[in-house]
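Please read all numbers here as calculations on a predicted model, not as lab measurements.
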Amino acid sequence: MDFGRLPNLNQVDFTLPPDHPATPQVLARSQRPTRPGLYLGCPTWTNKTWQGIYYPAGAQDTQLLHFYARQFNTLEMNTTHYRIPDARAIHKWRQAVPPGFVFCPKIPQVISHDQLLHHVGEPTKLFCNAILSLGDALGMAFLQLPPFFGPEDWPVLEQFLLQFPQEVPLAVEFRHENWFKESAVTQGAFQFLEERNITTVLTDAAGRRDVLHMRLTTPVAMIRFNGHAKHPTDFTRLNDWADRLHQWLDQGLQTVYFFMHQPEVLDAPPTLVYLMEQLEKRTGISLPRPQKVQQFVQGQLF
């Protein structure tokens, strides 16, 4: 994810903004679960640099999702942004993952970017029918709006969301800067999302701190974290996220989806492990850590 990435971080204030005033109200209305859902993962599974480290050496492309799903419990599924999956693909994905694993498919760009939500009833229906076939393996779909899609386009987005199947859990990622400025339109839009039980995406990127609007509209937090190759600020930011998520969980947050983006995907597992450790320290909730695979060398006993 290149969105908001900067070559120099020296002047960036990475402090997490305070919560929007509506966020604690949303969480206060939530029925606290016995155990919240914590889903932490990456945006891709075809990670060739993981072979011999997190995947067995020599693993075939058709096996990579199977091995990925034994390391993490969720996937930000960007592959669906480029094409609507067919029944065969859905079946293969379901067969590859264990119980408890969930996919978070990205709405196809033909809907969000090419046609800008205009006249997209048929592709939306095809996409939703496809991902509903994931069954229990469907986490939450998300709609990424183009950076030029602003509050003046709210009527188009509103009509799209009114027609979007409510049985498909959905999050919306705003990118235009005016969505994060208080106005009658933006207030109405976020209130609409609350009423329709549609989640907002929080994107943590160095060059666009305004996108961290900290406005939850459901008791679900979907966070897309743009890291910088294990730079020290990655870890201070993750400490802050562990604090904030702990606070939200205490207030009634039910589910967390946290996706780690790094310039090199090899840096994603160790930074996610760090976040898992920090969450466990604060919440007492233990998450299975990704494990490096043991490679056997011929003739070596120990």
Worksheet item: Using the benzene-type ring in the case of Trp, are the ring centres of His176 and Phe149 under 6.0 Å apart?
Response: no

Worksheet item: Are Tyr68 and Trp45 near enough that their ring centres are under 6.0 Å apart?
Response: no

Response to the item:
CG (Leu65) and CZ (Arg70) are apart, to the nearest 0.5 Å, by 8.5 Å

Item to complete: Kindly work out whether a path of hydrophobic side-chain contacts (I/L/V/M/F/W/Y, heavy atoms less than 4.5 Å apart) joins Val273 to Val265.
Response: no

Worksheet item: With ring centroids as reference points, do Phe192 and Trp154 lie under 6.0 angstrom apart?
Response: yes

Item to complete: Would you check if the side chain of Thr186 reaches a backbone N or O of Ser183 as a donor-acceptor pair within less than 3.5 Å?
Response: yes

Worksheet item: In terms of hydrophobic clustering (I, L, V, M, F, W, Y; side-chain heavy atoms under 4.5 Å; direct or indirect links), are Leu170 and Trp179 co-clustered?
Response: yes

Worksheet entry | Within-4.5 Å side-chain heavy-atom neighbours: Asn47 and Tyr54 | no

Item to complete: Please tell me if the side chains of Asn226 and Gln262 come closer than 4.5 Å, counting only heavy atoms from C-beta onward.
Response: no

Worksheet item: If you round to the nearest 0.5 Å, how far is CD1 of Ile84 from NZ of Lys125?
Response: 12.5 Å

Worksheet item: Would you say Tyr39 and Leu138 are hydrophobically clustered, going by side-chain heavy atoms of ILVMFWY under 4.5 Å?
Response: no

Discussion item. For His213 and Phe190, I'd like to know if the aromatic rings sit close, meaning centre-to-centre distance below 6.0 Å.
Written reply: yes

Fill in: Check ion pair Asp234-Arg237 (N to O, under 4.0 angstrom)
yes

Discussion item. Could you report the tightest heavy-atom contact between Pro146 and Leu116, atom names first, then the distance?
Written reply: CG-CD2, 3.8 Å

Worksheet item: Do Met77 and Val102 belong to the same hydrophobic cluster, where Ile, Leu, Val, Met, Phe, Trp and Tyr are linked whenever their side-chain heavy atoms lie under 4.5 Å apart, directly or via other members?
Response: no

Fill in: Gln60 and His66: CA distance, side-chain angles, deciding distance, side chain to side chain donor-acceptor pair (under 3.5 Å) verdict
CA-CA 10 Å; Gln60 300 300 305; His66 168 89; over 6 Å; no

Worksheet item: Do Ile53 and Val293 have side chains that get closer than 4.5 Å, going by heavy atoms?
Response: no

Worksheet entry | Side-chain donor-acceptor contact under 3.5 Å, His20 with Glu182 | yes

Discussion item. Does any part of the side chain of Leu238, heavy atoms only, come nearer than 4.5 Å to the side chain of Thr271, both counted from C-beta?
Written reply: yes

Worksheet item: Within 45° of the six-membered ring axis of Phe14 and under 6.0 Å from that ring's centre, is NZ or CZ of Arg209 located there?
Response: no

Item to complete: Would you sort out whether Thr15 and Asp13 count as a side chain to side chain donor-acceptor pair (under 3.5 Å), showing the intermediate values?
Response: CA-CA 6 Å; Thr15 305; Asp13 180 2; 2.6 Å; yes

Worksheet item: Does the ring center of Phe225 lie less than 6.0 Å from the ring center of Phe259?
Response: no

Discussion item. Just verifying a value: how many Å separate Gln115 CD and Phe160 CZ, rounded to the nearest 0.5 Å?
Written reply: 11.0 Å

Discussion item. Regarding Asp19 and Gln247, do their side chains bring together a donor and an acceptor under 3.5 Å, going by distance alone?
Written reply: yes

Discussion item. Side chains of Glu173 and Thr203: any donor to acceptor distance under 3.5 Å?
Written reply: yes

Discussion item. For the CG atom of Leu279 and the OH atom of Tyr274, what is their distance to the nearest 0.5 Å?
Written reply: 11.0 Å

Discussion item. Closer than 4.0 angstrom, basic N to acidic O: yes or no for Glu280 and Arg282?
Written reply: no

Worksheet item: Is a salt bridge present between Glu158 and Arg196, judged by a nitrogen-to-oxygen distance below 4.0 Å?
Response: no

Worksheet entry | Salt-bridge contact Asp210-Lys181 (side-chain N to carboxylate O under 4.0 Å) | no

Discussion item. Has Thr218 got a side-chain atom pairing as donor or acceptor with Ile198's backbone, closer than 3.5 angstrom?
Written reply: no

Worksheet item: Hey, are Gln71 and Gln291 close enough side-chain-wise for a donor-acceptor pair under 3.5 Å?
Response: no

Worksheet item: Any side-chain donor paired with an acceptor under 3.5 Å for Thr233 and Thr236?
Response: no

Practice prompt. If the plane angle is over 60° it's perpendicular, under 30° parallel, otherwise tilted; pick one for Phe67 and Tyr55.
Written response: tilted

Practice prompt. May I ask you to test the His261-Pro43 pair for a side-chain heavy-atom distance under 4.5 Å?
Written response: yes

Item to complete: Would you indicate whether the side-chain heavy atoms of Leu38 and Thr255 approach each other to under 4.5 Å?
Response: no

Worksheet item: Which is it for His246 and Gln278 under the side chain to side chain contact (heavy atoms under 4.5 Å, CB included) test, yes or no, and what are the steps along the way?
Response: CA-CA 10 Å; His246 181 206; Gln278 298 309 308; over 6 Å; no

Discussion item. Lys230 vs Glu264, test: side chain to side chain contact (heavy atoms under 4.5 Å, CB included). Steps then yes/no.
Written reply: CA-CA 10 Å; Lys230 297 191 291 187; Glu264 297 294 337; over 6 Å; no

Item to complete: Examine distances only and state if a side-chain atom of Arg35 and a backbone atom of Pro33 form a donor-acceptor pair shorter than 3.5 Å.
Response: no

Worksheet entry | Whether Asp86 side chain and Ala89 backbone form a donor-acceptor pair below 3.5 Å | yes

Item to complete: To the nearest 0.5 Å, tell me how far Tyr257 OH sits from Leu202 CG.
Response: 14.5 Å

Item to complete: Check step by step if side chain to side chain contact (heavy atoms under 4.5 Å, CB included) holds for Thr199 and Leu216.
Response: CA-CA 7 Å; Thr199 296; Leu216 300 184; over 6 Å; no

Worksheet item: Would you find a donor on one side and an acceptor on the other, under 3.5 Å apart, between the side chain of Asn129 and the backbone of Leu126?
Response: no

Worksheet item: Below 4.5 Å, heavy atoms only, C-beta onward: do Leu193 and Leu161 meet side chain to side chain?
Response: yes

Discussion item. Less than 4.0 angstrom from a charged side-chain N to a carboxylate O is my criterion; do Arg224 and Glu76 meet it?
Written reply: yes

Fill in: Worked verdict on Trp248 versus Ser30 for side chain to side chain contact (heavy atoms under 4.5 Å, CB included)
CA-CA 11 Å; Trp248 286 349; Ser30 168; over 6 Å; no

Worksheet item: Under 3.5 Å, is there a donor-acceptor pair between the side chain of Arg244 and the main chain of Asn239?
Response: no

Practice prompt. Please name the pair of heavy atoms, one in Ala171 and one in Val201, separated by the smallest distance, quoted to 0.1 Å.
Written response: CB-CG2, 3.7 Å

Fill in: Validation row: Leu145, Leu157 side chains within 4.5 angstrom (heavy atoms)
yes

Response to the item:
The reported gap from CG in Leu40 to CZ in Phe72 (rounded to nearest 0.5 angstrom) is 8.5 Å

